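On a predicted model such as this, the values are computed, not experimentally measured, just so you know.
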There are 2 protein chains.
Amino acid sequence: MDDLFDDLDRSSPVPLYFQVARQIEQAIEGGKLPPGSRLENEITLADRLGLSRPTMRRAIQQLVDKGLLVRKRGVGTQVVHGQVTRPVELTSLHDDLAAHGQRPSTQVLLHEVVPAPGEVAASLAVAEGSPVLHLRRLRCSGDEPLAVLENWLPEQFTDLTEASLGERGMYQLLRSRGVGMRVARQRIGARRGTTEECRLLQENRGSPLLTMERTTHDDSGRAVEWGRHVYRASRYAFEVTLVDR
Amino acid sequence: MDDLFDDLDRSSPVPLYFQVARQIEQAIEGGKLPPGSRLENEITLADRLGLSRPTMRRAIQQLVDKGLLVRKRGVGTQVVHGQVTRPVELTSLHDDLAAHGQRPSTQVLLHEVVPAPGEVAASLAVAEGSPVLHLRRLRCSGDEPLAVLENWLPEQFTDLTEASLGERGMYQLLRSRGVGMRVARQRIGARRGTTEECRLLQENRGSPLLTMERTTHDDSGRAVEWGRHVYRASRYAFEVTLVDR
DNA sequence: TACGTCTATTTGTCATGACATATCCTTGAC
DNA sequence: GTCAAGGATATGTCATGACAAATAGACGTA
């Protein structure tokens, strides 16, 4: 019980609360903290690690937000029962696939700069008619088609090349240009696929598809991207963790 | 700019950071803080309200988590562009509908206590074969059917009556019994509806439906409920806000 | 003009200390 | 034996103080 933690690196740029959170998370994944088990109280833990209580609290809170821990006032902190799943985070489909050991590939179906139509302009909060980059891509995992991704990006990104989009995910490209994406609002629904969508995705005509509409904002609050995606319902699902605070 | 805030009530049981967060939120909704506008720096704000900086930070952070604000080190805090939507929270469909002024109603299709099948037992983290309450309900909004809700609850809730479930939402019932729900993991997908589902939902045969599988845990980390729901894709969608921290 | 440097501003991280409050368990009274 | 009161324990809230680091703008130099 006592050797749950390795030493902390106070010279590292990685914040202390983050180092601690990761160690607790690993302890949970590794079975050292089985589901339902109780953590020591935060004051003792902080003491043992030579940390202040706020720092310790922040580490624990981070895992509560991830849905791994549950706290109850006057009682303590416990590990949540049940299998640990991976929640959706602010990543792209491309990154998700790569992280799961898949081999993502992309085929650019459409790549054009057009004047922003009304709906697009409203979602991106740019002037109607201002130049935007309109993309339509087919995303595959291995040999299997997985999703049709349609996106619009504001003027500052109209120089993204078709070739670069074929190789690296859109989020990766944006990040490498120094864009700090912070918030995304998604709307997840379902509908029958169009004939063309089903053809692209190698599904039978009229198959049910999972739809996702998303606006992503950067660290200045400006819209960076608006997208309408359709996924093969037979191969894809969204996972979400909700926490009440 | 200066009269953004009402006075704070230090005797109220509502935490100060929460009172502040709500006031900022109202200022955003009311247009006093338009999209893209910058907040004063947190030290000044804290001073003006007679608060400490950590408390002010916590208020702001709460709104960042909700996707309303965006912060950037060395720069400041800004209001996110774009329409403000309501993210899904840890509420039931019943509560959601009621909050939107709809008139939710429920028809209990099935209400039985059965020995937990393997899959259910695993999701609820109870012994296989232990008694569980198995529910199947049709949820309507006004006159329109909206979803078929199938749920399993562990032994301690097997005494929930069919009548009570017809009147109040399941989450409401659980809360009134002192259950503090804290974490839920959802998996959102899509598929074609079965013949019976489509009949219940008054959809054409084979219509696409939005599916949701969910496990809810209470503040002790124990599973409280496992559910498999199907929603009419033509009338329902999930909204999710993701924040990168 | 163009470029790099310095500085002011702002958020990020961390420590210490205090009191409030929910919960559980023990103890004691009836 | 049952119920109520009280204490122990843990998390929740809040204040104060300090330093680190990223950013943007001003300034000076080539």
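- A close approach under 4.0 Å does not occur between any side-chain nitrogen or oxygen of A:Arg71 and OP1 or OP2 of D:dA10.
- To the nearest angstrom, P of D:dT9 lies 15 Å from CD of A:Glu42.
- Within 4.0 Å (heavy atoms only), B:Gly180 reaches no atom of the nucleic acid at all.
- Whole-Å rounding puts the B:Asn41 CG to C:dT10 C1' distance at 6 Å.
- Across the interface with DNA chain C, nearest-nucleotide mapping of A:Pro54 and B:Ile43 shows B:Ile43 to be the residue nearer the 5′ end.
- The interatomic distance linking A:Leu16 (CG) with C:dT16 (P) rounds to 12 Å, in whole Å.
- For the pair A:Arg175 and A:Asp218, the salt-bridge criterion is not met [side-chain N within less than 4.0 Å of a carboxylate O].
- Checking B:Thr216 against B:Glu225 by side-chain atom types alone, a donor-acceptor pair falls below 3.5 Å.
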Could you go over nucleotides 19-23 of chain C and give all protein N or O partners under 3.5 Å, atom names and distances?
from, atom 1, to, atom 2, distance (Å)
C:dT21, O4', A:Arg73, NH2, 2.8
C:dT21, O2, A:Arg73, NE, 3.3

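- With B:Arg185 contributing its side chain and A:Gly67 its backbone, the two residues share a donor-acceptor pair below 3.5 Å.
- Look at CG on B:Leu49: it is 18 Å from P on D:dT13, rounded to the nearest Å.
- Per the geometry, CE belonging to A:Met56 stands 12 Å off P belonging to C:dC14, to the nearest Å.
- Checked for salt-bridge contact, A:Glu150 and A:Arg137 miss the test: no charged N lies under 4.0 Å from a carboxylate O.
- Map A:Phe18 and B:Thr77 each onto its nearest nucleotide of DNA chain C; the residue landing nearer the 5' end is B:Thr77.
- In this structure, A:Arg38 atom CZ and D:dT11 atom C1' are separated by 11 Å, rounded to whole Å.
- Contact annotation: B:Tyr17 side-chain N/O to D:dT13 OP1/OP2 distance is under 4.0 Å.
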Hey, mind stepping through B:Asn151 and B:Arg228 against side-chain hydrogen bond (donor to acceptor under 3.5 Å, both in side chains) and telling me if it holds?
CA-CA 6 Å; B:Asn151 290 89; B:Arg228 266 180 163 156; over 6 Å; no

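- We find that CZ of A:Arg57 is positioned 14 Å from P of D:dA10, with the value rounded to whole Å.
- Rounded to an integer number of Å, the gap from CG of A:Leu8 to C1' of C:dT13 is 14 Å.
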Name every donor-acceptor pair, under 3.5 Å, that has one atom in a side chain of residues 51-60 of chain A and the other anywhere in the protein, sequence neighbours excluded.
from, atom 1, to, atom 2, distance (Å)
A:Ser52, OG, A:Thr55, OG1, 3.1
A:Arg53, NE, A:Glu42, OE2, 2.7
A:Arg53, NH2, A:Glu42, OE2, 2.7
A:Arg57, NH1, A:Glu42, OE1, 3.3
A:Arg57, NH1, A:Glu42, OE2, 3.0
A:Arg58, NH2, A:Tyr17, OH, 3.2

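- For B:Thr55, no side-chain nitrogen or oxygen approaches OP1 or OP2 of D:dT13 to under 4.0 Å.
- Panel note: side chain A:Ser220, backbone A:Arg222; no donor-acceptor pair is recorded below 3.5 Å.
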